[in-house]
Enquirer: 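Right, I'll just put the structure down here and ask away after.
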2 protein chains.
Amino acid sequence: MSLEVEPIIRSSLSKQVADQLQEAILEGSLKADDRLPTEEELSKRFQVSRPTIREALKRLAAKNLIRSRRGPTGGTFVNHLGADELSDHLTTAATLFVSMNQISLSEIAHTRLELESLCCQLACQHRTDEDLTRLETELERQRDINISPEEFCSADVSFHRAIAEASHNRMLSFVMYTLIEALQPVANMITFHFRERDIIISQHERLLQAIRDQNRVTAVEVIKEQVNYLSSLHDEARENHARKQQRD
Amino acid sequence: MSLEVEPIIRSSLSKQVADQLQEAILEGSLKADDRLPTEEELSKRFQVSRPTIREALKRLAAKNLIRSRRGPTGGTFVNHLGADELSDHLTTAATLFVSMNQISLSEIAHTRLELESLCCQLACQHRTDEDLTRLETELERQRDINISPEEFCSADVSFHRAIAEASHNRMLSFVMYTLIEALQPVANMITFHFRERDIIISQHERLLQAIRDQNRVTAVEVIKEQVNYLSSLHDEARENHARKQQRD
DNA sequence: TAATTTATATTTGTATGACAAATTAACTTT
DNA sequence: AAAGTTAATTTGTCATACAAATATAAATTA
């Protein structure tokens, strides 16, 4: 008996379409801000129904690869992906990874310490005037006593992102983004009181000064101090959380 | 005139549904391997049509958060995401980031050098017998002269992953995974010849011995040597590539 | 009886057609 | 000329039907 079978297709049509489109984007045949054909047109070309096309497009939208707008000049467009645009994507991955693997805070703190030390050293070497200005701006936001705890958290994140970018190593920035995003939920467990805000801000001020002076040693010292301080706050928050749960 | 308007909803229904489900997964109310209600049931609960529910599910499927199977015992299930399961997700993000941002190889090499040095130091401290055995196994795979260049590349990746995991810092492993995945396409530009394979393998042997001896200094030295060696190969490959393009 | 085959029910996958909503361009009216 | 109106285009949503896969139970056969 001769055996000449067609290749078995296990993945769904919408997945196959999504993969082809993604490939086109990665390959470069679909460049940033290019407009895809309309859904009807795509369904004709791929010989599948519009709902199937739509499912495929939603897959890509979930990855932030495309965006859609209604209307005559609307349609579906290829996104230009920078670090910011990818952070959504990374947040999911990193947050899930941290929450589902029960990674200890000490592991996170250790990794962050080392990575951020590296960022600071490079920032001391390569920081430009623009970097310094941005750091000052972010610091000013933190000094506002009227902002909510959530806003303070986000200002803190922005400050550390700015440090990462001051390193002028985009690969390192990318990795640091992942780490910062992964830490965000943990950071939100803490509600910074005024006294704690003051301490954080003072650390940031010294850090900024060290980067301005291109003093690597001091910069690394301050980072170490802050990571340790945050770790102690985290432990406290965790204990409070545990006590609260016991009462329920 | 009093102003009491309903909140404006800009995102589509399918996105809202997807976000709610994702939140449930992240929050923990939907645990790994839990089965979601059927699509019909979901469409009743969310008060939207089934195609809309499906678009939402495809969004989550694109993020590898869920999987679906047909049939009576089928349905949609929550994925248990470990490091391996996330690599697909990361590969997209990291590859896109590297390719669309034209990150220089020196930036990548520098970041990798620092991160992998850190891995090695921790591996020296915390490596177990199982870690050593795994490293030996991976090394054995590389020694096989019959494997293809692609297989050699993948064996190399596995070796470096094993080092990352020997650090026993899961956060660092996760970050290192991202970096390794991002580098994969670049690594594939090179076709390792026998002489180059020998050099790589010898470096790996010395690295393994250093980790076995818990000799941090030597381990870091070898890593530095290898990263520099790979950088030179990359430069060569890039030049060849450029020459080839000129001829076309 | 035991193994195999056949129905059957369940659930996701796909197709078709229609209408709603948003948005721009052209047109009309004042 | 400015403002409002209409029409056209494109994504967003809905309803319904059927196809395909797959496990369970019933029926058939050796």
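Computation of the quantities below employed the complete heavy-atom set of this structure, encompassing side-chain atoms and omitting hydrogens, waters and symmetry-equivalent molecules. In what follows, chains are A, B, ... by sequence order, proteins preceding strands, each numbered from 1.
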Enquirer: Whole angstroms only, please: what is the CD-P distance between E40(A) and dA18(C)?
Expert: 12 Å
Enquirer: Can you pull out every salt bridge (Lys or Arg N to Asp or Glu O under 4.0 Å) where at least one residue sits in residues 66-80 of chain A? Sequence neighbours excluded, please.
Expert: D33(A)-R67(A)
Enquirer: Mind checking side chain to side chain donor-acceptor pair (under 3.5 Å) for T76(A) and listing every partner two or more places apart, or none if nothing turns up?
Expert: S68(A)
Enquirer: Give the rounded distance in Å between these two atoms: CD1 of I66(B) and P of dT11(C).
Expert: 16 Å
Enquirer: List the residues meeting ring pair (Phe, Tyr, Trp, His ring centres under 6.0 Å) with F159(B), not counting sequence neighbours, and say none if there are none.
Expert: H204(B)
Enquirer: For S106(B), check side chain to side chain donor-acceptor pair (under 3.5 Å) against everything at least two apart and list the hits.
Expert: S104(B)
Enquirer: From the 5' end of DNA chain D to its 3' end, which nucleotides mark the outer limits of contact with chain A, defined by a 4.0 Å heavy-atom distance cut-off (strictly under)?
Expert: dA8(D) to dT13(D)
Enquirer: Applying ring pair (Phe, Tyr, Trp, His ring centres under 6.0 Å), can you list everything that pairs with F152(B), at least two apart in sequence or on another chain?
Expert: F192(B)
Enquirer: Between R35(B) and P51(A), which is nearer to the 5' end of DNA chain C once each is assigned its nearest nucleotide?
Expert: R35(B)
Enquirer: Sequence neighbours excluded, which residues qualify as side chain to side chain donor-acceptor pair (under 3.5 Å) partners of S49(B)?
Expert: T52(B)
Enquirer: What is the distance, rounded to the nearest whole Å, between atom CD of E39(A) and atom C1' of dT14(C)?
Expert: 16 Å
Enquirer: Can you list the residues that meet the side chain to side chain donor-acceptor pair (under 3.5 Å) rule with D19(A), with sequence neighbours excluded?
Expert: K15(A)
Enquirer: Would you say S11(B)'s side chain and Q16(B)'s backbone share a donor-acceptor pair under 3.5 angstrom?
Expert: no
Enquirer: May I have the distance from F77(B) (atom CZ) to dT11(C) (atom P), rounded to whole angstrom?
Expert: 10 Å
Enquirer: From CZ of R59(A) over to C1' of dG13(C), roughly how many Å is that when rounded to an integer?
Expert: 11 Å
Enquirer: Is the side chain of R141(B) donor-acceptor paired with the backbone N or O of S154(B) at a distance under 3.5 Å, no angle test?
Expert: no
Enquirer: Tell me the interatomic distance from R50(B), atom CZ, to dT16(C), atom P, rounded to whole angstroms.
Expert: 16 Å
Enquirer: Please work out which residues in residues 67-75 of chain B have a non-hydrogen atom less than 4.0 Å from an atom of DNA chain D and list them by number.
Expert: R70(B), G71(B), P72(B), T73(B)
Enquirer: Could you tell me how far apart E55(A) (CD) and dA15(C) (C1') are, to the nearest whole angstrom?
Expert: 11 Å
Enquirer: Send over the distance from F46(A) CZ to dT14(C) P, rounded to a whole Å.
Expert: 14 Å
Enquirer: Verify the contact: side-chain N or O of K58(B) to OP1 or OP2 of dG13(C), cut-off strictly under 4.0 Å; return yes or no.
Expert: yes
